[in-house]
Amino acid sequence: MKVKPRYIKPELMACCGAREIHDHDVVIVGTGFPTMAANIAKHTHAPHCVLMQESGVFDARPRRPALSISDPCLNPGAAMIGGLVDVMGMFLQGGWVDVGFLSGSQVDKFGNINTTAIGDYHRPKSRLPGSGGANPIGSLAKRTLIIALHDTRRLAEKVDFITTPGYISGPGCRETWGLPPDTGPAVIVTNKAVLRFDPQTKEAYLATFHPGHTVEEIVENTPWKLKVADDIHQTVPPTDEELEVLHQVLDPNGLIAVYEKRGYV
Amino acid sequence: MKVKPRYIKPELMACCGAREIHDHDVVIVGTGFPTMAANIAKHTHAPHCVLMQESGVFDARPRRPALSISDPCLNPGAAMIGGLVDVMGMFLQGGWVDVGFLSGSQVDKFGNINTTAIGDYHRPKSRLPGSGGANPIGSLAKRTLIIALHDTRRLAEKVDFITTPGYISGPGCRETWGLPPDTGPAVIVTNKAVLRFDPQTKEAYLATFHPGHTVEEIVENTPWKLKVADDIHQTVPPTDEELEVLHQVLDPNGLIAVYEKRGYV
Amino acid sequence: MSKVTTMKKAIAQHVHSGDFLYIGGYICRPAFSAIHEIVRQGIKDLTITRSNAADDFDLLIGAGCVTRFVSTFLSLGFYGLGRCFRRAIEQGIPHKLELEEYTNLSLPMMLMAGAMGMPFVPVKDLVGSDLLEVKSFLGDQKYKIIDSPFDGRKTVLVPALNPDVGIIHVQQADPEGNAQIWGIGGDCKYGANASKKVIVSCERVVSREVVGKDPSRTIVPSFKVVAVVEEPFGAHPGYVPGFYDVDFGFGFEYQQASQTEEGFQQFLKEWVFDQKDRTSYLQHFIDRFGYRRYAQLMADFDYSYPVSYEY
Amino acid sequence: MSKVTTMKKAIAQHVHSGDFLYIGGYICRPAFSAIHEIVRQGIKDLTITRSNAADDFDLLIGAGCVTRFVSTFLSLGFYGLGRCFRRAIEQGIPHKLELEEYTNLSLPMMLMAGAMGMPFVPVKDLVGSDLLEVKSFLGDQKYKIIDSPFDGRKTVLVPALNPDVGIIHVQQADPEGNAQIWGIGGDCKYGANASKKVIVSCERVVSREVVGKDPSRTIVPSFKVVAVVEEPFGAHPGYVPGFYDVDFGFGFEYQQASQTEEGFQQFLKEWVFDQKDRTSYLQHFIDRFGYRRYAQLMADFDYSYPVSYEY
């Protein structure tokens, strides 16, 4: 008889994301994970955080999980609906967005993200969707939270194409390019670990490992020489409060399990 | 016994304005004269011309004469209401406006208009309201129609302050400054005459004199050496059709007579 | 988290002498009750801005609150020139007023640029006029002319504006500050969003649910708003679409009073200093002119058609 | 002057091979019936643009109508990558596709600049990314970097876009083309207004009087519009707020079909070439999937509250 686990990996990852959100944060989200993470935060420690979608929606009240940033369920009940120029221009470029969530087919040690092309740009092995809102979110949100699969293909020493700048090629680069001060990637949440960025080197290091994973396994699955935090410890599993919100309020049908099929195990 | 005249001077002037409007023209209007002129055109030879106010209104359906560009009566029934950026940016700067009406405390021979200050700018004898929408309308509308009182104080060789550029200091000036091609003042309608601009010299010349006025009187009341058209003739008085529209549709209460008190006689 | 408060508290807490204020409204939705409160609290040395200004800015200038004005236009419209504005410029009464003058294209674009985090914005007007010749407190930062790097054409750039506080009067807002308008907008949306914080004065506070029934009407999101004040008739003698008409009679009173400095001071005393808030202002209005005149300002009602955002 | 016509005539008259088109909608209000008509009429060599593209642009690319794409993103969202888009770029099938890539900040700003007659617009994104390294058909005109004349800071300028034709699908328009929307806007307002002429496809043609009951909902004025087409369900399989939901099932059909070139061609034959217009498309939809599935797409209705513009 199979015992139902207390939580699944995507739920742990959503909780990791949630914990990065502070009360009163203005958060720009896509679909899936980010929305789940932001909503966990809203229902626990950050009741005053507010969410927006780049398509033009602020403070939506969806009655079903949104499957895109333009999902029909984002319309009824939202506090404000405009267009891309309102959210990406007036709110994000205007400097009002604290947290942006991003994911990518490739993420490198400086938190640069590739959603454009695998291989050579002009003769891609695989053409990806392109920037969409990723580049401006990664450029202009105060803290970017990155979601990634943890293997040597998805993580990279250097991405094939920088769609969205993290710390580019290291310390001082964002400043040189004129990106706003105090912006940049804060964390990479993977299916094995939480990586943070060294304030000096701007390189991602291992901060916590998820239950069931080891430091050795994680280092092995990271394509750069992964530094390990002095205070390395296990990721705190979802708390009872977090799980209650997840299971009873946000996702009673367990739709988040779809991420398990995408490799988030 | 006083016989009611067939028309008053402000009505003639409004008709002169109306005749400058072509069918399908997009017209930006203020209040009073311009609106009256545009509406005469709309009800006679230019049924498809459309009107807008800089405050953000397109194709208003006022039930009373608007007393300002933000008059309450411009709201109900309009086809589109936005803000200044929509009308002044998206329509005017976007290059869609054919005709703009302007008036000024001083108008000079090159069609430059002063609505900023009489006397020295820094120690004005009389401080006027400022540009408002006048400068961009005069800069960007394809044809600017100017309404002015005809005396040596209101007309000038050179205005004290160019709030709104006409032909500035003569031929080629608008081009040098980079104003859009094929824009500029088309006509000055005064209470005595219609002045047009010489295509070569860009100087205003006498095209037609209103009934009751003479070329000599007009030349005398113009502070620059006013050239007279070879085909100088009398301004065509309001037609029966124009007067019918004015008296029965647009202004049954004869409110336009207020302009007589302001000197338009 | 409700931000509903009184105008007195909102102004005391968020508006300080020396601030740069955007104050919205031109005949339509002027933030008159906020302006009266600013005068009442004796706030000084303000820099103010809006495209198109009228009796509200004239009063603020006459009351001595303003030292700098990023302007395009000030007049009493139908009633002619703004007398306090003229006295300030022509005679330095009550004190000197510095003007940085733009137009109804360039200034709204500067506010839009401020709202959108653009450092500057290209505009096609201003050139060839003396508005380029006169510079005041912005000095060389008033504008720049560059050769466009795209086609070499001479291009005027004007700077973004980011006022310290934006004050707008709207039809309705929820307690957190999501603010909704309909009808003539002026530069209100961009002026408010360009500001570092926003005070929302409104005809009625509505629930968050009411806002959510028609989210396309919202022009300012809650996270920019620091105070929400329910101030019915807050735009008088201006108007609010769907609520009340312009009070032309009162506009004439103001014009007559402001012809002289003494008349203006008497007007201030009667309508600002002797009133402790908007309620007492309206009480005084009714005492002075009768309820009938007050009631006559009330707007007719005509339904817009409901739409649905459902799926 | 009524501009109401059929989609067939609107496209035949106003869209030509070689044109630069803005086509609005991303899941919300995609102009699908216009896109089908463009494919049906064999229009080629188009340059297309929109921030965020989905199955509609994927289909247009797969059908061989597009040679250039000013883009930010193309995916089938929930259903993964756009297969026609990938085949065009990875294998040149049906032919090579040139991409000029921007982002969901910079491209909407470029359309806004186009709409507002600005020659270019400063943006804060793009820097530090490889999007600055790759240039395609715009070449050196893709962007410029200048030192801001105001503060010397390095500033990216991107050029205004002015498409030849803008095509949008909206909730309602009057016969002259005043077009109204509510709900998620994407870059539709600026894309349409940046265009030299606009084709308005709508769920319903309403009278000018209906438009006038709520003029703040209008995003395009009549004078920019050259054709109005009443095309109910014109955004299917996308959705229109207040009218119908996304058809996820049909999206899956498309994704499955477009996995292979043959499957895509069969899809095109069935849903585009074998249908003479939107009516026969819907007839075929009902024949194929049943009226029940069609009816299930219909939106619920929830009233917004009426407001008044009266005085």
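Convention: sequence-line order gives letters A, B, ...; per-chain numbering from 1. The structure presented is a predicted model; accordingly, all values stated were derived computationally and were not measured.
- Between A/Asp120 and A/Arg123 no salt bridge is recorded (no basic side-chain N to carboxylate O distance below 4.0 Å).
- Considering only heavy-atom pairs separated by less than 4.5 Å from chain D, the leading option among A/Ser70, A/Gly56, A/Cys73 is A/Ser70.
- Once rounded to the nearest 0.5 Å, the distance linking CD of D/Glu100 with CG of D/Leu161 reads 10.0 Å.
- Only the side chain of D/Leu132 comes within less than 4.5 Å of a heavy atom of chain A; its backbone N, CA, C and O stay farther away.
- Of the listed residues (D/Asp245, D/Asp187, D/Thr155), the one with the most heavy-atom contacts under 4.5 Å to chain A is D/Asp245.
- For chain D, the option among A/Ser126, A/Gly178, A/Gly133, A/Ser139 with the highest count of heavy-atom pairs below 4.5 Å is A/Ser126.
- Heavy-atom pairs under 4.5 Å with chain A were tallied for D/Cys28, D/Gly183, D/Gly186; the largest tally goes to D/Gly186.
- Neither the backbone nor the side chain of D/Val156 comes within contact range of chain A; no heavy atoms are under 4.5 Å apart.
- Contacts between D/Leu105 and chain A at a heavy-atom distance below 4.5 Å involve backbone atoms as well as side-chain atoms.
- Panel note: side chain D/Arg29, backbone D/Cys188; no donor-acceptor pair is recorded below 3.5 Å.
- Across D/Phe78, D/Tyr239, D/Trp182, the residue that shares the most heavy-atom pairs under 4.5 angstrom with chain A is D/Tyr239.
- The residue among A/Arg64, A/His122, A/Lys125, A/Gln53 with the most heavy atom pairs within less than 4.5 Å of chain D is A/Arg64.
- For chain D, no part of A/Ile113 is nearby; none of its heavy atoms comes within less than 4.5 Å.
- In this structure, the portion of A/Thr116 lying under 4.5 Å from any heavy atom of chain D is its side chain and not its backbone.
- Neither side chain, A/Arg154 nor A/Thr190, offers a donor N or O lying under 3.5 Å from an acceptor on the other.
- Interface residue D/Tyr26: backbone and side-chain heavy atoms are both found under 4.5 Å from chain A.
- For the pair D/Lys135 and D/Tyr143, the cation-pi test (distance below 6.0 Å, angle within 45°) is passed.
- With respect to chain A, the highest number of heavy-atom pairs below 4.5 Å among D/Thr103, D/Asp302, D/Val123, D/Ile27 belongs to D/Thr103.
- Top candidate by heavy-atom pairs under 4.5 Å with chain D, chosen from A/Pro72, A/Pro136, A/Ala117, is A/Pro72.
- Contact annotation for A/Tyr121: only side-chain heavy atoms (C-beta onward) come within less than 4.5 Å of a heavy atom of chain D.
- Residue D/Val134 touches chain A through its side chain alone, counting heavy-atom pairs closer than 4.5 Å.
- Residue with the most contacts toward chain D among A/Gly130, A/Pro165, A/Gly132: A/Gly132 (heavy-atom pairs, distance under 4.5 Å).
- Residue D/Tyr102 touches chain A through its backbone alone, counting heavy-atom pairs closer than 4.5 Å.
- Using a 4.5 Å cut-off between heavy atoms, A/Glu54 contacts chain D through its side chain alone, with no backbone atom that close.
- No donor-acceptor pair under 3.5 Å is formed between the side chain of A/Lys158 and the backbone N or O of A/Asn112.
- Ranked by heavy-atom pairs shorter than 4.5 Å toward chain A, the options D/Ile181, D/Asp125, D/Asp130, D/Leu107 are led by D/Asp130.
- The closest donor-acceptor contact from the side chain of D/Ser75 to the backbone of D/Gly77 lies under 3.5 Å.
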Side-chain donor-acceptor pairs of residues 76-89 of chain A under 3.5 Å, sequence neighbours excluded:
| from | atom 1 | to | atom 2 | distance (Å) |
| --- | --- | --- | --- | --- |
| A/Asp86 | OD1 | C/Lys189 | NZ | 2.9 |
| A/Asp86 | OD2 | A/Gly83 | N | 2.9 |

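- The parts of A/Ser131 that come within reach of chain D are both its backbone and its side chain, each placing non-hydrogen atoms under 4.5 angstrom from that chain.
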Determine, stepwise, if the pair A/Arg143 / A/Asp25 fulfils salt bridge (charged side-chain N to carboxylate O under 4.0 Å, His left out). CA-CA 10 Å; A/Arg143 304 192 306 283; A/Asp25 271 353; 2.6 Å; yes
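- With hydrogens and angles left out, the side-chain atoms of A/Ser68 and A/Asp71 include no donor and acceptor closer than 3.5 Å.
- Without hydrogens or angle criteria, D/Thr218 side chain to D/Val220 main chain gives no donor-acceptor distance under 3.5 Å.
- Under a cutoff of 6.0 Å and an axis angle of 45°, D/Arg50 and D/Phe57 form a cation-pi pair.
- Between the side chain of D/Thr72 and the main chain of D/Asn52, a donor-acceptor pair closer than 3.5 Å is present.
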